[in-house]
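These numbers come from a predicted model, not from an experiment. Atoms within each ligand, like the ligands themselves, are counted from 1 in listed order.
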Amino acid sequence: MTLAAPDHQRLLIVDFGSQVTQLIARRLRELNVYCEIHPFQAVTPAFLADFAPRAVILSGGPASVVDDGSPRPPEDVFTIGVPVLGICYGQQVMMHMLGGQVERGDGTAEFGRAYVTPARDRLDLLTGWFLDAREQVWMSHGDHVSALAPGFAVYATSPGAPFAVTADPARHFYAVQFHPEVHHTPNGRTLYENFVRIAGFTGDWTMGAYRDEAIARIRDQVGEARVICGLSGGVDSSVAAVLIHEAIGEQLTCVFVDHGLLRQNEADEVVGMFRDAYNIPLIHAEEQELFLGALEGVSDPEEKRKTIGRLFIDVFQREAGKIEGAEYLAQGTLYPDVIESVSFSGGPSVTIKSHHNVGGLPEKMGLKLVEPLRELFKDEVRALGRELGLPDAFIGRHPFPGPGLAIRCPGEITREKLAILRRADAVFIDQIRRHGLYDEIWQAFAAILPVRTVGVMGDGRTYDYACALRAVTSVDGMTADVYPFTHEFLGETATRIINEVRGINRVTYDITSKPPGTIEWE
Ligand code: XMP
């Protein structure tokens with residue numbers, strides 16, 4: 001096994017399929033602890049020996065330990081002499097394997113907010129808890145522990161969970177019934193802080209250290225070969241490009257495909273920054289005509305995505321073919337894409353939108369991959385970007401979809417509509433920046449609607465397009481809430497758009513959350 005962060009203290013999270021396992025990892029990374037999530041099937045004794053964790057966390061999960069064949073970690077987790085924290089299902093599996101008892105829920109399941117109170121003298125894991133007599137926690141369980149394993153005692157209880165926190169402090173085994181990683185357990189971070197302190201972590205996982213290691217690893221991996229990196233202007237590919245450039249300089253060439261669906265001034269900004277400010281060799285493929293020509297008459301959203309994805313691959317392949325000796329393709333893959341979370345539900349989930357527009361590129365081109373961000377969460381990529389000196393305004397940019405403005409122009413795309421949309425979007429973003437709201441919002445943009453409406457300006461009748469503004473808050477784009485602008489802000493923005501953008505005479509604000517809506521209009 002090749003370890004991803006060989007020089008760091010490592011924590012292993014054994015995944016039993018909880019919806020919130022990723023949050024455990026994020027909480028730990030925020031504490032500068034390097035951790036990895038692995039599905040329980042992959043955690044064999046040999047794996048454990050190679051990974052050499054300094055501590056282990058057993059995640060929650062939907063199974064019931066009383067069922068035959070329910071998931072287990074290897075016994076070694078409890079014999080290698082490191083602290084172990086079991087959460088929810090992890091608590092039950094721990095009790096069960098160490099000689100306690102778990103009973104199936106008899107309709108007494110506990111879901112949601114609960115309050116725990118201390119049951120006996122202080123536990124090192126709970127330092128900083130109960131300053132207010134009780135702590136709010138988030139419960140989500142059906143089964144419960146009914147008899148403790150030898151060596152364990154109860155340290156906190158809740159009305160529905162007499163074994164809310166149990167521990168064998170001598171062996172540093174801790175088991176909690178609730179989820180300390182979620183937002184609804186407000187003091188959860190303290191619990192993780194205590195756990196990693198007990199395990200002797202020194203907080204050695206910082207982006208400063210990672211930068212140097214990543215540079216060394218890239219040099220090691222690619223040697224004298226040349227690397228191609230597709231730049232989209234987004235944060236991930238930009239950070240990957242700058243990092244790789246620091247590692248191998250001129251051996252890197254970036255390819256920026258301009259499909260004619262970018263925002264106002266976007267192409268100039270990307271080219272200006274990478275070619276001029278960073279001196280990175282950059283091919284700017286100006287293929288607006290090709291893409292917009294192929295999209296003529298196309299109004300189906302998936303058809304648009306497929307057309308753009310296919311042409312993107314063609315153009316990229318052609319441009320990359322001009323770079324002699326290229327052996328590697330750089331991608332800004334992040335850790336959430338890598339985690340192979342356990343699915344107990346089986347079957348594939350329904351595809352709402354085909355997001356992976358350029359999948360399959362490396363195989364098609366016969367290139368090997370360089371993925372220097374594979375171990376990182378998005379917030380870590382931003383921190384690394386700051387380490388590399390990328391401007392804050394760039395690092396904090398809202399996400400922008402691969403198919404660009406095509407999916408913000410429902411129905412048929414025309415050059416006229418794109419030009420109007422660009423201007424409206426620029427005014428909206430300018431308004432948001434002027435009011436200091438940009439960083440509070442996950443994504444904000446304008447969409448141009450495929451409808452003309454009647455208006456009156458001055459003394460005349462107008463018959464122009466309507467536009468919709470969209471602004472949402474989100475943590476990962478999976479769910480989203482509408483941003484609550486004031487009426488004043490919305491009114492001022494509508495006035496500016498109508499005054500400054502010829503072609504729009506009506507502005508609406510989209511107040512649909514996700515679900516049931518999606519963030520983009522298509
Ligand atoms: P939805 O619209 O599915 O968007 O709620 C969730 C997030 O994904 C982005 N998005 C895309 N990104 N290719 C991309 O690279 C796509 O086809 C695509 N569709 C949506 C969207 O901007 C939001 O951040």
- Query: Yes or no on side-chain contact (heavy atoms from CB on, under 4.5 Å) for Val20 and Ile24, after CA distance, side-chain angles and deciding distance?
  - Reply: CA-CA 7 Å; Val20 289; Ile24 306 176; 5.9 Å; no
- Between His435, Arg434, Gln431, which is the residue that forms a side chain to side chain donor-acceptor pair (under 3.5 Å) with Thr493? Gln431
- So is Arg408 polar-close to ligand 1, meaning N/O to N/O under 3.5 Å? no
- Min N/O separation Glu522 to ligand 1 under 3.5 Å: no
- Out of Gly477, Ser474, Gly402, the nearest non-hydrogen contact to atom 6 (C) of ligand 1 is supplied by Gly477
- Message: Within this structure, what is the CH2-CD distance for the pair Trp205 and Glu380, rounded to the nearest 0.5 Å?
- Response: 6.5 Å
- Item | Lys368 and Glu327 ion-paired at < 4.0 Å | yes
- Task: Within a distance under 4.0 Å of any heavy atom of Thr518, pick out the atoms of ligand 1 and give their elements.
- Result: 1 (P), 2 (O), 5 (O)
- Of His398, Gln443, Lys304, Arg470, which has the heavy atom at the shortest distance from atom 23 (C) of ligand 1? Gln443
- Query: In ligand 1, which numbered atoms sit nearer than 4.0 Å to a non-hydrogen atom of Lys514?
  - Reply: 1 (P), 3 (O), 5 (O), 6 (C)
- Message: Taking Arg29 first and then Asp379, would you say they form a salt bridge - that is, a charged N and a carboxylate O separated by under 4.0 Å?
- Response: no
- Relative to the heavy atoms of Ile407, which atoms of ligand 1 are at a distance of less than 4.0 Å? 19 (N)
- Query: Parallel under 30°, tilted from 30 to 60°, perpendicular over 60°: which one fits the rings of His398 and Tyr438?
  - Reply: parallel
